[in-house]
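Okay, so here's the structure we're looking at.
Source: prediction; values computed, not measured.
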Amino acid sequence: MTNTTTNEAVEQLLTRSHALGADPRFTNYAGGNTSAKGTAADPVTGEDVELLWVKGSGGDLGTLEEKGLAVLRLDRVRALRDVYPGVEREDEMVAAFDYCLHGKGGAAPSIDTAMHALVDAAHVDHLHPDAGIAIATAADGEKLTETIFEGKVVWVPWRRPGFQLGLDIAAIKEANPQAVGTILGGHGITAWGATSAEAEANSRWIIETATAYIEANSVPDPFGPVLDGYAALPQAERRAKAAALAPVIRGIASQDKPQVGHYTDSEAVLDFLARAEHPRLAALGTSCPDHFLRTKVKPLVVDLPATASVEETTARLAELHEEYRADYQAYYDRHATPESPAIRGADPLIVLVPGVGMFSFGKDKQTARVAGEFYVNAINVMRGAEGISSYSPIEESEKFRIEYWALEEAKLARMPKPKPLATRIALVTGAASGIGKAIATRLAAEGACVVVADLDLAKAQAAATEIAGSRGADVAVGVAADVSDAAAVAAAVEEAVLAFGGLDLVVNNAGLSISKPLMETTEKDWDLQHDVMAKGSFLVSQATAKVLIAQGLGGDIVYISSKNSVFAGPNNIAYSAVKADQAHQVRLLAAELGEHGVKVNGINPDGVVRGSGIFAGGWGAQRAKTYGIPEEELGKFYAQRTLLKREVLPEHVANAVFVLTGGELSHTTGLHVPVDAGVAAAFLR
């Protein structure tokens, strides 16, 4: 075994992990694990001890950091062999890993720790490459392994990950000194090496050799011929149908608990759904534990051609959903024992629509996106296995043992408590600056996925990038939206539902103002303000309410109105009139949409000067002139006329939006909340 210093071992391990994790052919997000063995000084005795650094539970190879490694003393892990109580009690060994840890900090050891510790090699990789799993799930995988690798890679029959699997692989390596790795039946691959470079080279060789064999020996059409009427729809038609179906499908996936969605129309998905064998293969379900833990054991597949109408597909989805739930309940009942965790929900996480694509779901956008990526991996696995043999995943009972594993349940229980707006999808108009941007920022901070809509696409995208930070499009996206144009509103809503699966929270914030007395207000002034705010709010509410109703999950619509909706001030006829229009839309829609569980409320801000796009665009100068003060003193002026003598900022309006939508006011609709620091003349009566 190679002795290296801590820094060298960790550096080599992280470099190798990043290289392997960056290539989707080698592994998938958060899939697989890598390790390195070396020496470091014991902090108590100062003597060198042998250590294992291994990717901890839940980490991702491509972005692995040192804090994501579990660090264990090898002598203590190896000593566990002497107290191992047997395969029936192997789960107890996971808790024992905690007593083998070295030092403070680091990640929790994963279930695969034994594999890395017990295999007699300085560097070990365990990966889930599509080509490797294709061999692992082929009906004659053991024979194929011998044919393809000629003894350098050894077949390991399916065994659930754990201490016994680590013992099995260690024994295989010892008995096969020529071997550089294994194919784990139904699961993936494991490779090793005396150095980090050798381990990585062996991993790559196994994957590339399997890939080359499949490509050279696969039958021409592993998924069979194209079914009449099932080919992919043209892109524009496909996306329009996807947008129409997305809210319905999200409602189906969210019957037990709300989910965020992701839409995929990649060539791999569309081709799979166009082929004759896709119903049979989809029904067999996925095999690799990393796959079905994120996708459920099998998807819901619409059994209609691409040419079916939205109405026909919607009706069929309702029937298929009932069948899916009954089937999943039966699956649970077949295998559950008195000790099994309670059923976690019977809704699908993957919904496949021929000609349209795949809708995947999860507790947040990243989870939904990754679930879709894993099902694409599963499609690639099925293609490879069918091309050279036949696809034969692990038994259903084994899938259940992993899906409802006590260790998996404990892992879920350790997850942090979700934020108040987790799973909620928000659309905020006029959100590239000012009040709208503050609202979008607050909603994202509270766990929502946010669609930043603005007249200026570049500014909307820049604001979304700033709001999301390193989390990117999993948190916020920017879209163009001229709210006075029905077609533009429809396009923005379509982008929103395709980005996140649907909508829950809509904020009508887009606005502008022109402050003039009656005699100076032109017809153009009047029409512009009414088009953007009165008509714009109507169009946005109409388009988004259609989504909210189709989902059946309730929702919130919030209007950013104004103190001027109830206060009669001078030189402000057009703006104040249109704000009164918006205020009454709140009441009207609250009355109309209540039966669908949709709450409609309003906020009446006043004097929001700092950070306001309206004030920066000339409104501030106009109002300052009206009040006879310098423009730079307008914020202070507004504050002094309030009861609280406090200046109102965009963030204060955002606070009110969160209060109305965060769950505490679940029985409040038709309300207008003043955010004006107290303007007695605008008190609601």
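Heavy-atom minimum distance, Ala464 versus Ala476: O-CB, 3.7 Å. Here the closest non-hydrogen pair linking Trp192 and Thr182 is CH2-CG2, 3.8 Å. In terms of heavy-atom proximity, Met358 sits nearest to Gly372 at CE-O, 3.3 Å. In terms of heavy-atom proximity, Thr286 sits nearest to Ala378 at CG2-CB, 3.4 Å. The minimum heavy-atom distance between Gly502 and Ile425, with the atom names listed, is O-CG2, 3.2 Å. Across every non-hydrogen atom of Val154 and Ala179, the tightest pair is CG2-CB, 3.9 Å.
Taking the centre and axis of the six-membered ring of Tyr84, the NZ or CZ atom of Arg89 falls outside the cone set by 45° and 6.0 Å. A cation-pi arrangement is not found for Lys143 relative to Trp155, the charged atom failing to lie both closer than 6.0 Å to the ring centre and inside a 45° cone about the ring normal.
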task: Given side chain to side chain donor-acceptor pair (under 3.5 Å), test Glu198 with His123 step by step and report yes or no.
output: CA-CA 8 Å; Glu198 185 177 284; His123 300 268; over 6 Å; no

query: Would Lys257 and Asp347 satisfy salt bridge (Lys or Arg N to Asp or Glu O under 4.0 Å), going step by step from the backbone distance to the final call?
result: CA-CA 9 Å; Lys257 57 184 177 181; Asp347 296 324; over 6 Å; no

query: How far apart are the C-alpha atoms of Gln329 and Asp333, what are their side-chain angles, what is the distance that settles it, and do they pass the side chain to side chain donor-acceptor pair (under 3.5 Å) test?
result: CA-CA 6 Å; Gln329 182 69 57; Asp333 293 341; 3.0 Å; yes

- request: With side-chain contact (heavy atoms from CB on, under 4.5 Å) as the test, would you mind laying out the steps for Ser340 and Tyr332 before giving the verdict?
  value: CA-CA 10 Å; Ser340 296; Tyr332 179 85; 4.2 Å; yes

task: Show your reasoning for whether salt bridge (Lys or Arg N to Asp or Glu O under 4.0 Å) applies to Lys296 and Glu403.
output: CA-CA 8 Å; Lys296 271 199 164 77; Glu403 185 178 1; 5.3 Å; no

- prompt: How far apart are the C-alpha atoms of Thr63 and His18, what are their side-chain angles, what is the distance that settles it, and do they pass the side-chain contact (heavy atoms from CB on, under 4.5 Å) test?
  reply: CA-CA 6 Å; Thr63 56; His18 296 162; over 6 Å; no

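Using a 4.5 Å heavy-atom threshold, the side chains of Leu118 and Phe163 count as touching. Using a 4.5 Å cut-off on side-chain heavy atoms (C-beta onward), Ile135 and Ile214 make contact. Pro161 places a side-chain heavy atom less than 4.5 Å from the side chain of His187. Side-chain contact between Tyr375 and Leu352 is present, with heavy atoms from C-beta onward closer than 4.5 Å. Between Leu165 and Met115, some side-chain heavy-atom pair lies under the 4.5 Å cut-off. Counting heavy atoms from C-beta outward, Asp265 and Leu270 have side chains that approach closer than 4.5 Å.
For the pair Glu277 and Arg280, the salt-bridge criterion is met [side-chain N within less than 4.0 Å of a carboxylate O]. Ion pair Arg204/Glu200 flagged as a salt bridge, since at least one NZ, NE, NH1 or NH2 atom sits closer than 4.0 Å to an Asp/Glu carboxylate oxygen. Under 4.0 Å is where a charged nitrogen must lie from a carboxylate oxygen, and between Arg325 and Asp256 at least one such pair does. No salt bridge links Arg76 with Glu50; every basic N to acidic carboxylate O contact stays at or beyond 4.0 Å. Of the charged side-chain nitrogens involved, at least one lies within less than 4.0 Å of a carboxylate oxygen, so that Lys298 and Asp327 count as a salt-bridged pair. Using a 4.0 Å cut-off between a side-chain N of Lys or Arg and a carboxylate O of Asp or Glu, Glu396 and Arg334 qualify as a salt bridge. Salt-bridge annotation for Asp91 and Arg160: present, with a side-chain N of the basic residue lying under 4.0 Å from a carboxylate O of the acidic one. Between Lys67 and Glu65 there is a salt bridge, since a side-chain N of the basic residue sits under 4.0 Å from a carboxylate O of the acidic one.
A distance-only check finds no donor-acceptor pair linking the side chain of Asp221 to the backbone of Phe223 [under 3.5 Å]. A donor-acceptor pair is defined here as one N or O able to donate and one able to accept, closer than 3.5 Å; no such pair exists between the side chain of Thr15 and the backbone of Gln12.
Dense packing is recorded around CD of Glu208, with more than 12 heavy atoms of other residues, nucleotides or ligands lying under 6.0 Å away. Residue Glu47 qualifies as open at atom CD: its count of foreign heavy atoms under 6.0 Å is 12 or below.
Ring pair Tyr263/Phe359 is tilted by interplanar angle, where 30° to 60° counts as tilted. Taking the six-membered ring for Trp and thresholds of 30 and 60 degrees, Phe272 and His278 have ring planes more than 60 degrees apart, a perpendicular arrangement.
Only one option out of Asn33, Thr34, Thr190 pairs with His116 in a side chain to side chain donor-acceptor pair (under 3.5 Å); it is Asn33. Only one option out of Thr211, Asn380, Thr27 pairs with Asp130 in a side chain to side chain donor-acceptor pair (under 3.5 Å); it is Asn380.
With sequence neighbours excluded, the residues satisfying side chain to side chain donor-acceptor pair (under 3.5 Å) with Lys365 are His262. In this structure, the ring-ring contact (aromatic ring centres under 6.0 Å, His included) partners of Tyr328, at least two apart in sequence or on a different chain, are Tyr331.
No close placement of the Phe374 and Phe292 rings is indicated, their centers lying 6.0 Å or farther apart. Aromatic ring centres of Phe149 and Trp205 lie closer together than 6.0 Å.
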